[in-house]
Number of protein chains: 2
Amino acid sequence: MITAEDKFRNYLKMKGLKFTPERKMILKTVLSLHTHFDVDQLYERLRKENSDISRATIYRTFPLLIDSGIMKETLLCRDKTKYEHIFGHKHHDHIICLKCGRVIEFRDEEIERLQKAVCKKYGFKPVEHKLGIRGYCRECQSKMGE
Amino acid sequence: MITAEDKFRNYLKMKGLKFTPERKMILKTVLSLHTHFDVDQLYERLRKENSDISRATIYRTFPLLIDSGIMKETLLCRDKTKYEHIFGHKHHDHIICLKCGRVIEFRDEEIERLQKAVCKKYGFKPVEHKLGIRGYCRECQSKMGE
DNA sequence: TAATCATTGTAATTAGCTCTCAATTGCAAT
DNA sequence: ATTGCAATTGAGAGCTAATTACAATGATTA
């Protein structure tokens, strides 16, 4: 069973980069977050863990985590860029409430299949895709009805 | 037959806002662009048309054009925010080449239908959605193969 | 005509992110 | 274990897209 750390180490070695304590700590913390987060949220979390890793290092480490397939950007981003770790998770898409900000994750095999079919039609080789649906959740609809 | 200008005028009146020469010119220019564009590209285009509308006014007008349903942000945005006008166009999704930047637009009724079904399942009322597939186009694949 | 309020351009500001630089540190070769 | 060197780090400067304050202008209504 390969761990996320193994995966990251292998990636770094392959690129001739180093597995530093900072990168180890950032990886560990990213994996501990089970929601979408931004750079500042990760920074705050690190401080709570008594780590004084700078924002610059976080900004520098994120592309590595993304390139190694451990983390990715989500398309929730209105202002700040949001991330989520994907190690050990299947790909999923997002439904986002415009009022309360709630995020519903879903996976639809049929949509996945159709996307592949579209790519094939155009001779396109897909690497990743993002699907986000914005609107209003059940609760906010009721509230707005009142 | 309602024109884009009618639509914009109605929207502005409804909001108690004015249809100024600047807004008219920005609208006209946005409609004349048939590709994805950013604020600077629009600004340059305006200058070529001998208009000296400021960037600030463009930034202030874009939310109005979006809110009135004439234009929208695309999710191509890596750095700058990109826009496209949607007046008179059906919704479509994007396939983006990571190498050459080419954009393929497509529309798949079945995917649209399945998205609605997913929303229904969660009691979610969709307003908009964005689907972007990134990867490599046919041409770039051949080049990379060589 | 006077009063009101939206709009504009200019210029300053904000905010997210990147870069520079000097000091430090993994890590491979010895 | 030691050495050499490229990679890495934090601090702070810098960059750039986007926003905002402000004073002048202009349209609309009373």
Side-chain angles (χ1 to χ4, degrees), chain A residues 5-6 8-30 36-47 49-68 71-83, chain B residues 5 8-30 36-47 49-68 71-84:
Chain A
E5 190 171 309
D6 290 337
F8 195 35
R9 287 186 112 112
N10 290 342
Y11 166 81
L12 291 172
K13 178 164 279 179
M14 193 249 299
K15 289 271 184 177
L17 304 174
K18 295 168 185 173
F19 186 70
T20 64
E22 288 81 3
R23 287 175 181 164
K24 184 185 172 108
M25 185 64 191
I26 290 172
L27 170 64
K28 185 187 148 201
T29 310
V30 160
H36 302 92
F37 60 91
D38 58 39
V39 168
D40 273 2
Q41 288 169 330
L42 186 75
Y43 180 77
E44 289 308 323
R45 184 59 165 263
L46 284 169
R47 306 223 85 195
E49 305 283 335
N50 294 317
S51 170
D52 55 354
I53 294 171
S54 70
R55 283 192 172 77
T57 298
I58 298 174
Y59 279 113
R60 286 187 282 230
T61 304
F62 275 14
L64 304 176
L65 286 170
I66 290 170
D67 204 32
S68 64
M71 196 176 89
K72 72 176 196 177
E73 277 186 29
T74 72
L75 87 165
L76 311 169
C77 50
R78 263 271 153 269
D79 35 1
K80 295 184 186 178
T81 308
K82 289 274 187 174
Y83 304 88
Chain B
E5 190 172 308
F8 196 34
R9 285 186 114 114
N10 291 342
Y11 167 81
L12 292 172
K13 177 164 281 181
M14 194 247 301
K15 288 274 186 175
L17 304 174
K18 295 168 186 172
F19 186 69
T20 65
E22 288 83 2
R23 286 175 183 165
K24 183 186 172 108
M25 184 65 190
I26 291 172
L27 171 63
K28 184 188 148 201
T29 310
V30 161
H36 301 93
F37 60 91
D38 58 38
V39 168
D40 273 3
Q41 287 168 330
L42 186 75
Y43 180 76
E44 289 308 323
R45 183 61 165 263
L46 284 170
R47 306 222 85 196
E49 304 283 336
N50 294 317
S51 168
D52 55 354
I53 294 171
S54 71
R55 283 191 172 78
T57 298
I58 297 175
Y59 277 114
R60 283 189 281 232
T61 304
F62 274 15
L64 304 177
L65 287 170
I66 291 170
D67 206 30
S68 64
M71 197 176 89
K72 73 175 196 178
E73 278 186 29
T74 72
L75 88 163
L76 310 168
C77 51
R78 262 270 154 273
D79 36 0
K80 294 183 186 180
T81 308
K82 289 273 187 176
Y83 304 88
E84 64 183 332

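Order of the sequence lines fixes the chain letters, A, B, ..., with proteins taken first and strands second; residue numbering starts at 1 for each chain. Any value given below was found using the heavy atoms of this structure, including those in side chains, with hydrogens, waters and symmetry copies removed.
Residue A/Pro21 is in sugar-phosphate contact alone, with no base atom involved, counting any heavy-atom pair closer than 4.0 Å across all strands shown. Residue-level contact check: A/Asp40 touches neither bases nor backbone, having no heavy atom under 4.0 Å from any strand.
Contact check, B/Lys80 against D/dA17: a side-chain N or O comes under 4.0 Å of OP1 or OP2. OP1 or OP2 of C/dC17 lies within a sub-4.0 Å distance of a side-chain N or O belonging to A/Tyr59. Distances shorter than 4.0 Å separate some side-chain N or O of B/Thr81 from OP1 or OP2 on D/dA18. Distances shorter than 4.0 Å separate none of the side-chain N or O atoms of A/Thr20 from OP1 or OP2 on D/dA7. Look at A/Arg23 and you won't find any side-chain N or O under 4.0 angstrom from OP1 or OP2 of D/dA7.
In terms of position on DNA chain C, the residue among B/Ala56 and B/Leu12 whose nearest nucleotide sits closer to the 5' end is B/Leu12. Between B/Ser54 and A/Arg60, the residue anchored closer to the 5' end of DNA chain C is B/Ser54, taking for each the nucleotide with the nearest heavy atom.
The aromatic rings of B/Phe37 and B/Phe62 lie perpendicular to each other, with more than 60° between the two planes, well past the 30° mark.
Whole-Å rounding puts the A/Lys15 NZ to D/dT8 P distance at 12 Å. As a whole-Å value, the separation of B/Leu17 CG from D/dA27 C1' is 13 Å. The nearest whole Å value for the distance from the CD atom in B/Glu73 to the P atom in D/dA18 is 9 Å.
Of the candidates D/dA7, C/dG9, C/dC5, the closest approach to any side-chain atom of A/Lys18 belongs to D/dA7.
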